[in-house]
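Letters A, B, ... are given to chains in the order of the sequence lines, protein chains preceding strands, and every chain is numbered from 1. Computed from a prediction, not measured in an experiment: that's the story for all the values here.
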Amino acid sequence: MKELAKAYEPQSVEDRLYAGWLERGDYTADPASPKPKFSIVIPPPNVTGVLTMGHVLNNTIQDILCRHARLQGKEVLWLPGTDHAGLATQVAVEKALRKPDDLPPTVKARLESFHLPADMPLTRQNIGRERLLELIDAWQQDRGGVIIQQLKKLGASCDWKRERFTMDAEYVREVQERFVDLYNQGYMYRGLRMCNWCPATMTAISDEEVVMTPQKSKLYYMRYEIAEEPGRFLEIATTRPETLMGDSGVAVHPNDKRYADLIGKHAVRPFPKTNIPIVGDSYIDMEFGTGVLKVTPAHDKADFDIGRRHNLQIIDVMTPEGKINCPEVPELHGMERFAARKRAAELLDEAGQLIKEEEYENNVGFSERGKVPIEPRLSEQWFLKYPRIDEALDVVTNEDNKLIRFFPAHWEKTYSHWLENIQDWCVSRQTWYGHRLPVWYQKGHTKAQLESPGEGWFQDEDTMDTWASSWLWAYATMDEETRKAFYPTSVLVTGPDIIFLWVARMIVAGLEILPGVTEEQKDNIPFSDVYFTGLIRDGKGRKMSKSLGNSPDPLDLIAKYGADGLRFGLMRIAPQGADIRYDEKQIEEGRNFCNKLWNAARFRAMQGPIDRQADPSQHEQSIFCCDILFQLGELNADVDRAMANYEFNTAASRLYDYVWKSFCSRFLEAAKVDFLDEFSPTRAGTLATFDYVLSHILRLLHPFAPFITEELWTHLDFAEHEGDSIQFATWPSLKFGESPKATRFLEAESVYRLVDQGRILRGQFNIASNKKVKFLLHATEELTEAELRVSASMLNAEAVELVQEKVKHCPVIFTPLGELYLPLEGLVDPAEEIARLEKELTKTEKDIEVTDKKLANKQVIAKAPPEKVQGWRDHAAVLAAKRERLKEQMDFFREQAA
RNA sequence: GGGCGGUUAGCUUAGUGGUAGAGCGCUCGCUUCACACGCGAGAGGUCACUGGUUCGAACCCAGUACCGCCCACCA
């Protein structure tokens, strides 16, 4: 056994372990192993991103689950990987190209190899598809390893040899094959529809990628003349006057008496000037604005529907970039849409048709990536009609046959609500980076297949929504052999923010399109449990985000507190299902906890070599040993229960309390007496207990703090063979009450409480911690010499001496083992002592009052459980006795004073 | 507009029916031979509010307020 460093230095421990342990990857799963299986796929982070606190939380939890499973003897597959994040990546690269000097060297080199004209703006249109994709590849290679390295720093014990990327050739093939399958079954179809168009990125996006944001805008009131009744006007409110040229109708509610006679007549659209029909449609809200809606079928989803109901013309007046396209109105033609809004209002005003402008706040849909308001736009896109929605609902919400369990369960409602109101999924994207649609066209014919059907066929230019590749992640990352053993996966750990984008879709994908692997897996669910983490918020309750700059860099935290400190600190404050209020202090506490454990282990190492097979039951044991062993059983059971329910904070807190309070503050302090006395009869038992308990603590704690536990396991020689990882040790399975029982009736708890009381007494007389004093004890229980020595040691006292009679002339405190006195040899001021006793008496009487009141209530006696009543009675008796003694003591000191 | 969470000491939070617990921070005392990333003591809470159920409510029920999140085609 080597000597442990004097202080715990996380960095030195971690650095050494990365090389010798994480990189070795000997936790790689063996599909052929007969052990029970446990598998997780990592929610793939974007290649472009850096590790955030969210990733830390997420991956810490997964690592905890994996290490726990390994300790339980399971064959564990934790599959790592990254997501190409098509649109997000393309946007990032396009943005980076605006500052070519700051590009990563490899990307820059690639760009230079194109020999583009120096004065050419580096837009994607100028660069071209093939070249842009080359640049993105270079970019991905530059960034790709970064996040993986960061996960390793955190201690993530993934099967790094199996790292996957959503743009790997096999993965791409899988994605396209599934597309073809869905097409062949009629779920994937092409259609001309209103979709969410992002003018910034120039692509359609799905409903889930639209972020509703409250905007301060204006409600413009305008008036249109009635064509059939010159001089009569309709007042119309709109937020978008710039689309006026696209108006092909005006709608009112059919029951609206104000306008009933107008239905069927026409309104005069001011520019370009023409007559448009007035229709009655029950969609209209009579209360809102003027109760009249201008209908612009080409630029609003609701208007599109109204238009379809009444056969209104679809007039597209905007380019894909979001510029006005209406040569008939040269004042607006070519203008950017928001500038055009103002100008259109001015034009109306000039024509005398603008009545007023009102400040107005409404929700506007923004493109998640493009960061601009989306433009509802009619375009030809590929859509997925979701298959098996009922089954997807059933596997999550059917109480009798819940194939997939959500933790916390309340997310089921969110999940159901989405599925019940689901719209077809727009999966095509007019972007270049991503999985190309496996679709071919020729003269009005369409074929979906991987290879070109032949001469004259051309492939669809579009790519797929990133999520249409991610939704296969659990399946497509595994080869067939691996799937047989590890699919479906055991648990998915992710944030609730992607419950629709990813989780729900993965479930649908699993049910419908993933071929069954084995007979047992015929249900085709991708995972059995889903654990939703909370969001991490800053001290002010704001969501942590890059844009706010309020997210600390996890690598800085690791450098400062160690990966274990970060992991443990975070887990201790991460309640199931609730958001986490982040506080660096918590991480510091995690680090301090590791240091505490380190030093407890170091203390043990100072007593001589450990015995890895220590069996406390083979030795004579002190009550302190019995106590810590008994509590170990409770700890083990509590941690097991917490782990089974994904209550990581409970497990972490229990471990924290046990190690710090029960093990260090109590047992270790009591053990010192044995360790200092070579001839103590309980010395061997205490050593054995120490080793036994420490080895259990290391294993129970290992999932949370892998580095320090691995280090101590190895260095203290708990490992059977040189180089054995604690990951493959055996998970403890002590049951509550199974631990060795005390050989004596007296319990350690009583001694510890005696010590607590003694410390309070010391404190009340302001006796410095380093000053040795002597205590007297009038014991009501039998105490051994050794137990008295432990009491004295923990009180930093010369001795705790037994006295046969109760002592009157000393300050007294009441303990479960009798009255404890602090002889101060005439230093006690009677007046002060009377005041001290008075305070105690007041408190005691207040307690008595509460208890008496309860016991005096007949209904309490009648209705409360008898064992409770008996408990209160016993308590009352103790209090009464204490009161008498306090009074006696006070009388004594009053005489002294007199 | 609908749904889901939350509200306990200055901060972070345990606590599913029996006189409120912890850690940090604060005050005081300690370089006590594992640990100052520590040890000991202390101050600090009408458990958001209002009703109800109960012998008894932080806890169960109803409602209110505030905070947060999600969903929704009122121009």
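Taking only side-chain atoms of Val850(A), from C-beta outward, the nucleotide of rC55(B), rG5(B), rU19(B) with the closest atom is rU19(B). Considering only side-chain atoms of Asp285(A), the nucleotide from rC4(B), rA34(B), rA75(B) that sits closest is rA75(B). Nearest to the side-chain atoms of Phe603(A) among the listed nucleotides rA34(B), rA72(B), rA75(B) stands rA34(B). Taking the side chain of Ser665(A) as heavy atoms from C-beta on, and the options rG40(B), rC35(B), rA72(B), the nearest nucleotide is rG40(B). Distances were taken from every side-chain heavy atom of Ala864(A) (C-beta onward) to each of rG18(B), rC35(B), rA75(B); the shortest belongs to rG18(B). Side chain of Asn649(A), nearest nucleotide from rA14(B), rC55(B), rC70(B): rA14(B). The side chain of Lys413(A) sits closest to rC4(B) out of rC4(B), rA75(B), rA72(B). Closest to the Arg581(A) side chain, of the nucleotides rU12(B), rC37(B), rG18(B), is rU12(B). Closest to the side chain of Arg602(A), from the set rC35(B), rA75(B), rG68(B), is rC35(B). For Ser769(A), the side-chain atoms get nearest to rC30(B) when compared with the rest of rC30(B), rG42(B), rC55(B).
Residue contacts for Phe765(A): at a heavy-atom cut-off of 4.0 Å it reaches no nucleic acid atom on any strand shown. Note on Asn363(A): a base of the nucleic acid sits closer than 4.0 angstrom, heavy atoms only. At the heavy-atom level, Pro865(A) lies under 4.0 Å from base atoms of the strands shown. Among the atoms of the strands shown, base atoms are found under 4.0 Å from some heavy atom of Arg591(A). Residue-level contact check: Lys672(A) touches the bases, meaning some heavy atom is under 4.0 Å from a base atom. Among the atoms of the strands shown, base atoms are found under 4.0 Å from some heavy atom of Cys664(A). Looking at heavy-atom distances under 4.0 Å, Tyr283(A) makes contact with a base. Base contact: Asp847(A) has a heavy atom under 4.0 Å from a base atom. Nucleic acid contact for Gly291(A): base, since at least one base atom lies under 4.0 Å from a heavy atom of the residue.
For a distance-only test at 3.5 Å, the side chain of Glu669(A) qualifies as a donor-acceptor partner of the base of rA34(B). Not a single donor-acceptor pair, N or O on each side, falls under 3.5 Å between the base of rC37(B) and the side chain of Tyr561(A).
Side-chain N/O atoms of Asn766(A) include none lying less than 4.0 angstrom from OP1 or OP2 on rA41(B). The shortest distance between the side-chain N/O atoms of Lys596(A) and the OP1/OP2 oxygens of rC39(B) is below 4.0 Å. OP1 or OP2 of rG38(B) lies within a sub-4.0 Å distance of a side-chain N or O belonging to Asn592(A).
Within the model, atoms CG of Leu701(A) and CZ of Phe568(A) stand 6.0 Å from one another, a figure rounded to the nearest 0.5 Å.
Between Asn857(A) and Ile848(A), the residue whose closest nucleotide on RNA chain B is further toward the 5' end is Ile848(A).
Applying ring pair (Phe, Tyr, Trp, His ring centres under 6.0 Å) to Phe406(A) and the options Trp411(A), Phe532(A), Tyr531(A) leaves one that passes, Phe532(A).
Every stem involving RNA chain B, taken as at least 3 paired positions in a row under the Watson-Crick or G-U wobble test at 3.5 Å, is listed here: B:1-7 with B:65-71, B:10-13 with B:21-24, B:26-30 with B:38-42, B:48-52 with B:60-64.
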Which atom pairs link the protein and nucleotides 22-24 of chain B when you take only N or O atoms and keep those under 3.5 Å?
| from | atom 1 | to | atom 2 | distance (Å) |
| --- | --- | --- | --- | --- |
| rG23(B) | O2' | Glu589(A) | OE1 | 2.5 |
| rG23(B) | O2' | Glu589(A) | OE2 | 2.9 |
| rC24(B) | O4' | Glu589(A) | OE2 | 3.4 |

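Taking a 6.0 Å sphere around CD of Glu798(A), one finds it holds more than 12 heavy atoms contributed by other residues, nucleotides or ligands. The number of heavy-atom neighbours closer than 6.0 Å to CD of Glu361(A), taken from other residues, nucleotides and ligands shown, is above 12.
Annotation: rA20(B) and rC59(B) have their P atoms spaced 13 Å apart (nearest Å).
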